[in-house]
Amino acid sequence: MLSLTLGPLALPLPPLLLGAGLAAALLVLRLLAPREARELLAGRLWLALAIGLLAARALHLLRHADAYAESPWALLDIRDGGWQPVGGIVAGLALLMLQAPAQRAWRRALLGAAFAGLATWLIADGLALGRSAGDERLPALALTPLPAAQSSAHAPADARAKAQMLPSLLDGRPVVINLWASWCGPCRAEMPMLVAAQQRERGVRFLFVNQGETPAAVQAWLARERLPLQDVWLDPASALGPALGSRALPTTLFVDAQGKRVAAHVGALNEAALRVRLQALHPRPARDVRTDGNRS
């Protein structure tokens, strides 16, 4: 499960799980803390959360400094999913321990709330990952190649009009699968970057699976935007997203050379986040990663 659908909204799961942990912590604090200490202790919980998030983000940025060096603005784009959770947990708990009050009842309430929130978040995250553990392989759904010039350059000429099962499109390379639609603003925003990556990253296959639009609509949009997109496939029933656990667009999957889904991102990707995931998916010498951007 990658996102949660609430009416017309499809929300990424990670921030919702973090919110559930925070809610659990505040609830336990309200139950355990004396009335006169609740506001003070809640403030300390919020501060520990903020420091934990800052530490988790900073550690991720330091670890992947090369990827972010080429697009410094992405340092502030926390939507890219770039966090080091263990470091954040350690930093947040360390701050709580340092500012734990001397009063035994207050200290017990603060630390009990913190551990309740952490446990709730970890259990919810584990359950979400557990539900996805059996779905590491791609679902056997039929996709149709986009006709005409934008159709897949990898499909045989006599098979370009025929539907193919998604697993059959694996060719021994790592694969990036992008679920998109021309009416989706974030999809349109990230598409030029993905086109450039498709042209640059020859060792990775990019599949662009349009959700629910007609071939004419897709062709018209690509022509209007002058995007030389390859490997465009149609999912007329918009069945792939729900099969993967996400109704949100865009959703991008990262699949290793063995056909196993190793990562996913709900929402628009930025250049730095894409580079980080491609480095993990298809490791290469750092020199190659830097110089690829100069290739045509």
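Positions are given from 1, in the same order as the sequence printed here.
Shown here for Leu17 and Ala124, the closest heavy-atom pair between the two residues is CD2-CB, 3.7 Å. Between Leu95 and Ala48 the shortest heavy-atom distance is CD2-CA, 3.8 Å. When all heavy atoms of Arg57 and Leu75 are compared, the closest pair comes out as NH2-O, 3.1 Å. The nearest pair of heavy atoms linking Pro228 to Gln199 is CG-NE2, 3.3 Å. Minimum interatomic distance between Leu244 and Pro139 (heavy atoms only, all atoms of both residues): CD2-CD, 3.7 Å. Across all their heavy atoms, Trp221 and Ser182 have their closest contact at CG-CB, 3.6 Å.
For CD of Glu36, the number of neighbouring non-hydrogen atoms (other residues, nucleotides, ligands) closer than 6.0 Å is greater than 12. Within 6.0 Å of the CE atom in Met165, the count of heavy atoms belonging to other residues, nucleotides or ligands exceeds 12. Arg226 CZ: 12 or fewer foreign heavy atoms inside a 6.0 Å radius.
Formation of a donor-acceptor pair under 3.5 Å by the Gln198 side chain with backbone atoms of Gln230 is found in this model. Within the 3.5 Å criterion, the main-chain N or O of Pro174 finds no donor-acceptor partner in the side chain of Asp256. Between the Arg205 side chain and the Leu169 main chain, a donor and an acceptor come within less than 3.5 Å of each other. No donor-acceptor distance shorter than 3.5 angstrom exists from the side chain of Arg247 to the backbone of Pro242, with no hydrogens or angles considered. Under the 3.5 Å distance criterion, the side-chain polar atoms of Arg137 are left unmatched by any main-chain donor or acceptor of Pro167. Under the 3.5 Å distance criterion, the side-chain polar atoms of Gln219 are matched with a main-chain donor or acceptor of Pro147. A donor-acceptor contact shorter than 3.5 Å links the side chain of Ser238 to the backbone of Gly212. Looking at Arg44, its side chain does come within 3.5 Å of a backbone N or O of Gln99 through a donor-acceptor pair. For the pair Arg261 (side chain) and Val255 (backbone), a donor-acceptor distance under 3.5 Å is absent.
By the rule that hydrophobic residues join a cluster once side-chain heavy atoms approach within less than 4.5 Å of another member, Leu96 and Val28 end up as members of separate clusters. Both Trp106 and Trp46 sit in one connected hydrophobic cluster of ILVMFWY residues. Membership requires side-chain heavy atoms under 4.5 Å apart, directly or through other members. Leu138 and Leu141 fall within a single hydrophobic cluster, where Ile, Leu, Val, Met, Phe, Trp and Tyr side chains are chained together by heavy-atom contacts under 4.5 Å. No continuous path of hydrophobic side-chain contacts links Met97 to Val90 [ILVMFWY only; heavy atoms under 4.5 Å]. Cluster annotation: Leu110 is connected to Leu40 through the hydrophobic network of ILVMFWY side chains, with a link wherever side-chain heavy atoms come within less than 4.5 Å.
Residues Trp121 and Pro14 have side chains not in contact (no heavy-atom distance under 4.5 Å, counting atoms from C-beta outward). Val232 places a side-chain heavy atom less than 4.5 Å from the side chain of Trp180. Side chains of Leu26 and Leu45 form a contact here, defined as non-hydrogen atoms less than 4.5 Å apart. Side-chain atoms of Leu274 and Leu194, non-hydrogen and from C-beta on, do get closer than 4.5 Å to each other. Contact check for Arg277 versus Thr252: no side-chain heavy atoms found under the 4.5 Å cut-off.
We find the CG-CG distance between Leu93 and Leu118 to be 6.0 Å, quoted to the nearest 0.5 Å. Distance check: Leu222 CG to Leu229 CG gives 5.5 Å after rounding to the nearest 0.5 Å. The CG atom of Leu32 lies 14.0 Å from the CZ atom of Arg107; values are rounded to the nearest 0.5 Å. Atom CD of Gln103 sits about 8.5 Å away from atom CG of Leu41, to the nearest 0.5 Å. Leu146 contributes atom CG, which lies 5.0 Å from atom CG of Leu234 (distance to the nearest 0.5 angstrom). For the atom pair CG of Asp231 and CG of Leu143, the computed distance is 11.0 Å after rounding to the nearest 0.5 Å.
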List the steps and the verdict of side chain to side chain contact (heavy atoms under 4.5 Å, CB included) for Phe115 and Thr120.
-> CA-CA 8 Å; Phe115 282 104; Thr120 299; over 6 Å; no
Starting from the C-alpha separation in whole Å, work towards a yes-or-no answer on side chain to side chain contact (heavy atoms under 4.5 Å, CB included) for Trp233 and Ile177.
-> CA-CA 10 Å; Trp233 297 79; Ile177 303 174; over 6 Å; no
After noting the C-alpha distance and the side-chain angles of Trp183 and Glu213, does the key distance pass the side chain to side chain contact (heavy atoms under 4.5 Å, CB included) rule?
-> CA-CA 9 Å; Trp183 50 260; Glu213 295 186 282; 3.7 Å; yes
Show the numbers, then the answer: is there a side chain to side chain contact (heavy atoms under 4.5 Å, CB included) between Val176 and Leu278?
-> CA-CA 9 Å; Val176 176; Leu278 288 178; 3.8 Å; yes
Can you check salt bridge (Lys or Arg N to Asp or Glu O under 4.0 Å) on Glu271 and Arg200, steps first, answer last?
-> CA-CA 13 Å; Glu271 179 72 27; Arg200 181 180 70 237; 3.5 Å; yes
Report the C-alpha separation of Glu190 and Asn178 in whole Å, then their side-chain angles, then the decisive distance to 0.1 Å, and conclude whether the side-chain hydrogen bond (donor to acceptor under 3.5 Å, both in side chains) test is met.
-> CA-CA 10 Å; Glu190 72 176 2; Asn178 180 252; 3.0 Å; yes
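With respect to Tyr68, the side-chain hydrogen bond (donor to acceptor under 3.5 Å, both in side chains) criterion is satisfied by exactly one of Arg63, Arg275, His60: His60.
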